[in-house]
There are 2 protein chains.
Amino acid sequence: MADTRQRLIDGAIDTIRTHGIAGTSARTIAATAGVSQALVFYHFGSVNDLLRAACLDATQARVVAYADRLSQVANLRELLAVGRNLHAEERTHGNVMVLAQMLAGAQNDAHLAEATATALEKWIAPIEQTLGRLLATSPAAGLIDTAGLARAVSAAFIGLELYEGVAPDAAQTALDSLDRLAVLLEVMDDLGPVARRALRAKLRRAG
Amino acid sequence: MADTRQRLIDGAIDTIRTHGIAGTSARTIAATAGVSQALVFYHFGSVNDLLRAACLDATQARVVAYADRLSQVANLRELLAVGRNLHAEERTHGNVMVLAQMLAGAQNDAHLAEATATALEKWIAPIEQTLGRLLATSPAAGLIDTAGLARAVSAAFIGLELYEGVAPDAAQTALDSLDRLAVLLEVMDDLGPVARRALRAKLRRAG
DNA sequence: GTCTATAACGAGATAGAC
DNA sequence: GTCTATCTCGTTATAGAC
């Protein structure tokens with residue numbers, strides 16, 4: 001049996017997933033973990049401090065499970081496939097939803113905000129690395145800021161997860177439309193030399 | 001002086017913005033509105049019913065303010081400019097953040113979920129219409145599902161707003177990277193006939 | 001329609017027994 | 001290190017005065 005500290009962390013994650021940030025309290029967490037509510041304060045000092053620890057711990061665990069897969073991605077379509085895979089697995093593990101709920105709670109709490117930003121960065125770093133690798137040979141390589149794009153993609157992913165919670169069917173069409181958009185980007189990466197040259201020239205003028 | 005019902009709605013929006021969904025209660029709303037807490041239940045029956053009404057009311061008000069601007073958008077860059085404008089104005093009006101907080105709270109409440117989805121649809125409809133108009137002449141027109149894309153863009157926007165709350169600088173780079181990406185898409189729309197033909201052929205084969 | 005008062009309960013946090 | 005008990009306050013919701 002895991003030690004109490006870890007049980008509280010796991011309980012906190014579970015509680016955020018099932019009750020949302022608004023329904024997460026020392027009592028609900030302790031009930032999920034099967035321990036006394038007082039232990040939240042003994043081990044972590046406050047509920048928010050537990051949330052900070054739990055968020056970082058859970059995110060770390062999920063990210064390492066994906067770092068390998070991301071490093072093996074060879075093109076945008078595969079990256080999107082990993083994204084959809086992640087999205088599907090998140091239905092059980094739920095780290096993205098935890099981050100979404102933490103983000104909502106962190107808007108008015110600088111302490112939570114710092115931890116949530118740090119947790120998000122754990123996802124962003126490998127995504128940024130992957131994007132940089134994939135887009136290095138693109139005709140638009142100089143125009144694309146992979147650091148910013150990785151953050152935009154990650155934030156968008158969280159928004160989509162929240163959206164799916166209130167409109168699953170509509171969110172599905174949203175995800176499908178991104179599939180098609182990725183095809184578009186891949187085609188651009190795979191243009192013949194003439195078209196590629198034309199595109200590059202246009203980009204130079206526009207950028 | 002506005003009637004109490006409207007004051008409660010305005011108070012609810014204000015409270016969600018400043019306290020987040022986790023810090024929103026009948027008492028905090030009533031305090032913001034300057035009326036008795038009991039009136040929440042007299043006028044709306046429950047806190048969640050007030051939130052539903054407030055979310056729909058406030059969203060409607062903001063969307064009509066943007067429908068005109070969206071209808072005058074002539075290209076993707078202008079659409080993105082409207083988006084950034086909206087993003088900036090949202091710092092004061094805050095409807096996107098309200099929707100983000102509602103989304104977080106709605107994940108475990110079917111009643112809130114329905115209202116939030118309806119409110120979101122109010123934003124999505126004009127965006128979908130605008131996208132459909134702008135992309136009709138694109139070489140990739142047949143490949144793009146404007147309905148899904150409008151939903152993806154809207155959800156992404158909400159995710160970015162949440163992200164900005166915990167990492168303003170990083171969110172800025174994310175927004176900037178989208179600016180550049182829009183340039184990319186515009187250039188594609190503006191290719192010469194040769195490149196355009198090549199792109200179209202590739203798209204047919206890939207799609 | 002609006003208020004005060006109150007009921008019934010959950011919240012964060014602490015004290016103290018073991 | 002874990003528990004029960006408790007304090008104080010905030011929460012939803014209702015009752016009843018005005």
Side-chain angles (χ1 to χ4, degrees), chain A residues 1-55 57 101-102 104-116, chain B residues 1-55 57 101-102 104-113 115:
Chain A
M1 191 188 270
D3 73 324
T4 301
R5 210 188 134 87
Q6 188 61 45
R7 290 185 64 178
L8 281 171
I9 286 179
D10 296 342
I13 296 299
D14 229 50
T15 304
I16 292 178
R17 281 218 311 132
T18 55
H19 292 35
I21 190 71
T24 294
S25 70
R27 289 172 135 82
T28 53
I29 292 172
T32 304
V35 298
S36 161
Q37 165 259 156
L39 292 181
V40 168
F41 304 96
Y42 174 79
H43 284 286
F44 296 93
S46 72
V47 174
N48 272 8
D49 283 337
L50 167 53
L51 294 185
R52 281 155 45 89
C55 165
D57 180 279
Q101 294 287 337
M102 288 287 297
Q107 298 297 317
N108 310 287
D109 184 322
H111 233 57
L112 278 188
E114 186 227 357
T116 309
Chain B
M1 190 190 272
D3 73 326
T4 300
R5 210 187 134 86
Q6 189 61 45
R7 290 185 66 178
L8 281 170
I9 287 180
D10 295 343
I13 295 299
D14 229 49
T15 304
I16 292 179
R17 282 217 311 132
T18 54
H19 292 32
I21 190 72
T24 295
S25 70
R27 284 175 137 82
T28 53
I29 293 171
T32 305
V35 297
S36 161
Q37 165 259 154
L39 292 181
V40 169
F41 304 97
Y42 175 78
H43 283 288
F44 296 94
S46 74
V47 174
N48 273 7
D49 282 338
L50 166 54
L51 294 185
R52 283 156 44 89
C55 162
D57 180 278
Q101 294 287 338
M102 288 288 295
Q107 298 296 317
N108 310 287
D109 184 321
H111 233 58
L112 277 188

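Keep in mind that the numbers below use all heavy atoms, side chains included, and drop hydrogens, waters and symmetry copies. Numbered from 1 within each chain, the chains take letters A, B, ... in sequence-line order. Note that the structure is a prediction, hence the values are computed from the model and not measured.
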Taking every non-hydrogen atom, the tightest pair across A:Ile29 and A:Val47 | CD1-CG1, 4.5 Å
Where the side chain of B:Gln101 meets the backbone of B:Ile21, is there a donor-acceptor pair that is under 3.5 Å apart?
-> yes
Heavy-atom contacts under 4.0 Å between residues 18-41 of chain B and DNA chain C, which residues?
-> B:Val35, B:Ser36, B:Ala38, B:Leu39
Does anything in residues 42-53 of chain B reach DNA chain C, meaning a heavy atom under 4.0 Å, and if so which residues?
-> B:Tyr42, B:His43
Would a 4.5 Å heavy-atom cut-off, applied to side chains only, mark B:Asn48 and B:His111 as touching?
-> no
With sequence neighbours excluded, tell me which residues meet side-chain hydrogen bond (donor to acceptor under 3.5 Å, both in side chains) with A:Asp14.
-> none
Quick note, side chain to side chain donor-acceptor pair (under 3.5 Å) partners involving residues 36-46 of chain A, not counting sequence neighbours, are A:Ser46-A:Asp49
Residue pairs passing the salt bridge (charged side-chain N to carboxylate O under 4.0 Å, His left out) test with at least one member in residues 22-45 of chain B, sequence neighbours excluded, are none
B:Asp57 vs B:Ile13 side-chain heavy atoms within contact, under 4.5 Å = no
When every non-hydrogen atom of A:Thr116 is compared with those of A:Cys55, the smallest separation belongs to CA-SG, 4.4 Å
Just the endpoints, please: which first and last nucleotides of DNA chain C, 5' to 3', lie under 4.0 Å from a heavy atom of chain B?
-> C:dG1 to C:dT4
B:Val40 to B:Ala26 - nearest heavy-atom pair and separation = CG2-O, 4.0 Å
Applying the side chain to side chain contact (heavy atoms under 4.5 Å, CB included) test to A:Met102, which of A:Asp109, A:Ile16, A:Thr24 qualifies?
-> A:Ile16
